[in-house]
Amino acid sequence: MQLRQLEYLVALALARERHFVRAATACYVSQPSLSAAIRRLEHELGVPIVRRGRRYEGLTPEGEVVLAWAHRMLAERDALRQELSSLRDGLTGTLRLGVVPTALPAASLLTTPFCERHSRAGVSIESLSSADITYGLTEFELDAAMTYLDDDTLGDLRRLPLYEERYMLLTPLDGPLAGAGSASWSQAAALPLCLLNSRMRNRRIMDECFAADGATATPAIESDTVAGLYAHLPRGRWSSVISHAWLHMFGVPEGMRVVPLEGPAHGPRVGLVTGPDEPPSVLAGALLAVAREAGVREALDALLRTYLDAHDH
């Protein structure tokens with residue numbers, strides 16, 4: 001068995017490309033060469049890997065097992081290369097980091113110190129859903145991820161808590177709640193709102209908080225990104241419920257103020273999750289080391305206090 005054969009199965013990724021010609025193009029080989037390599041792999045292992053008809057029809061049950069092992073073996077190969085390279089030249093390579101969209105504003109609290117400590121390494125950030133993050137980690141397509149830690153799909157993946165979401169009302173200075181020391185979720189629901197859409201995990205969590213206070217939020221504007229939400233706020237018409245972590249990137253728009261919302265002191269935990277490899281890859285291990293020292297929770301809480309104090313004086 002050759003690693004190249006496994007690369008054809010993974011990188012092509014018959015599972016990803018789902019077409020022999022496109023898979024061969026992705027691997028920079030001819031389609032007959034790719035097909036012959038897969039057939040040799042089937043012969044060597046003594047099992048059928050690909051269901052073949054007039055076109056590619058997916059992997060056999062045995063093929064799914066081979067694919068899972070191929071991901072792991074290639075990841076181990078890459079980890080070996082990274083470790084040897086780090087011993088010779090210091091940490092190099094690209095850290096593949098998946099981040100749920102609502103944690104993106106806080107990602108630089110990890111990536112910036114990581115790059116400062118490892119100047120020859122880079123970071124590739126991808127905004128992904130919780131489900132895509134779990135898949136990417138278990139299939140070794142990601143080195144690490146920032147996501148909600150109470151996600152049942154994470155299974156036994158390694159987790160490091162970073163911060164707990166704290167929810168705030170962001171409202172115009174001339175609005176009815178701008179002078180309040182705090183506001184209830186039902187009061188917030190009565191305002192003209194701009195919120196994330198219901199496909200977002202963060203919005204579903206917020207809807208549970210509204211419901212617990214006997215209210216239902218009916219936003220006039222919904223967005224699938226935090227940036228899209230913030231783009232509407234400086235107009236002076238809309239209010240929003242935000243996670244305090246978003247203040248790190250977007251702050252408080254001019255003409256608005258942050259008002260604490262009554263209810264749970266903290267929302268769900270957001271943390272750093274790494275893949276099933278033990279020990280973690282060199283890159284993932286280096287990010288974990290940075291995360292343990294970064295003080296993300298303390299930095300976000302201090303930033304929130306700054307904005308709250310500014311409006312109190």
Side-chain angles (χ1 to χ4, degrees), residues 99-106 129-131 133-134 146-154 159 161-173 175-230 232-233 237-250 252-253 256-271 273 296-298 300-305 307-308 311-312:
V99 185
V100 290
T102 49
L104 274 172
S129 68
S130 299
I133 279 176
T134 300
M146 289 178 65
T147 187
Y148 291 105
L149 297 186
D150 61 350
D151 185 349
D152 293 337
T153 67
L154 293 175
R159 312 176 195 199
L162 294 175
Y163 64 91
E164 297 81 28
E165 286 190 329
R166 300 177 63 181
Y167 299 128
M168 303 285 140
L169 174 66
L170 194 55
T171 195
L173 285 173
L177 297 178
S182 63
S184 69
W185 286 83
S186 58
Q187 287 176 310
L191 298 173
L193 289 176
C194 175
L195 298 175
L196 294 177
N197 65 42
S198 58
R199 295 191 301 275
M200 308 291 288
R201 172 73 181 279
N202 180 273
R203 168 64 186 281
R204 295 196 295 272
I205 294 169
M206 290 182 180
D207 280 344
E208 292 174 0
C209 293
F210 281 116
D213 200 27
T216 300
T218 54
I221 296 176
E222 294 181 308
S223 172
D224 64 354
T225 68
V226 177
L229 184 154
Y230 261 81
H232 290 82
L233 297 181
R237 171 177 174 82
W238 312 107
S239 295
S240 186
V241 177
I242 66 168
S243 165
H244 75 309
W246 304 351
L247 295 172
H248 175 66
M249 176 181 290
F250 296 102
V252 175
M256 303 197 78
R257 117 150 243 222
V258 169
V259 178
L261 281 166
E262 300 167 359
H266 299 290
R269 293 185 305 164
V270 174
V273 181
V296 174
R297 177 187 292 106
E298 293 77 10
L300 293 177
D301 287 348
L303 179 64
L304 176 60
R305 286 194 299 271
Y307 282 112
L308 293 177
H311 289 293
D312 289 339

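Here, residue 1 is the first one in the sequence, and each next residue gets the next number. For clarity, every value in this text was computed on a predicted model and none was experimentally measured.
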Can you give each donor-acceptor pair under 3.5 Å made by side-chain atoms of residues 193-201, sequence neighbours left out, with the distance rounded to 0.1 Å?
residue: N197; atom: OD1; partner: R199; partner atom: N; Å: 3.0
residue: R201; atom: NH2; partner: D150; partner atom: OD1; Å: 2.8
residue: R201; atom: NH2; partner: D150; partner atom: OD2; Å: 3.1

Can you give me the closest heavy-atom contact between [X] and [Y], atom names plus distance?
X    : Y    : value
L177 : A188 : CD1-N, 4.4 Å
M249 : L104 : CE-O, 4.0 Å
L300 : H248 : CD2-CB, 3.9 Å
W185 : M206 : CZ3-O, 3.9 Å
A215 : S186 : CB-CA, 3.7 Å
A180 : V259 : O-CG1, 3.9 Å

**Item:** By salt bridge (Lys or Arg N to Asp or Glu O under 4.0 Å) - contacts of E208 (at least two apart)
**Value:**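 Salt bridge (Lys or Arg N to Asp or Glu O under 4.0 Å) check on E208 returns nothing, list empty.
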
**ring pair (Phe, Tyr, Trp, His ring centres under 6.0 Å) partners of Y148, counting only residues at least two apart** =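 None.
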
Could you give the distance from [atom1] ([X]) to [atom2] ([Y]), rounded to the nearest 0.5 Å?
X    : Y    : atom1 : atom2 : result
H232 : I221 : NE2   : CD1   : 4.0 Å
M256 : L173 : CE    : CG    : 8.0 Å
S239 : Q187 : OG    : CD    : 12.0 Å

With a 4.5 Å heavy-atom cut-off, do [X] and [Y] have their side chains touching?
X    : Y    : result
L191 : L169 : yes
P260 : L304 : no
Y163 : H244 : yes
V100 : S130 : yes
V226 : N202 : no
F250 : I242 : no

**Request:** Flag yes if more than 12 heavy atoms outside R237 fall under 6.0 Å of its CZ atom; otherwise flag no.
**Result:**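 It does not: R237 CZ has 12 such atoms or fewer within range.
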
**Request:** Among T147, T153, D151, V273, find the residue that satisfies the side chain to side chain contact (heavy atoms under 4.5 Å, CB included) test when tested with I133.
**Result:**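 Going through the options one by one, the only one that passes is T147.
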
**Item:** R257 side chain vs A178 backbone, donor-acceptor pair below 3.5 Å
**Value:**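 A pair under 3.5 Å: yes.
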
**Prompt:** Is the side chain of S243 donor-acceptor paired with the backbone N or O of W246 at a distance under 3.5 Å, no angle test?
**Reply:**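 Side chain of S243 to backbone of W246: no pair is present.
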
**Request:** Quick one: do L170 and L233 satisfy side chain to side chain contact (heavy atoms under 4.5 Å, CB included)? Show the steps, please.
**Result:** CA-CA 9 Å; L170 194 55; L233 297 181; 3.5 Å; yes

**Message:** Any salt bridge linking D207 with R203? Criterion: basic side-chain nitrogen under 4.0 Å from a carboxylate oxygen.
**Reply:**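 Yes, D207 and R203 are salt-bridged.
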
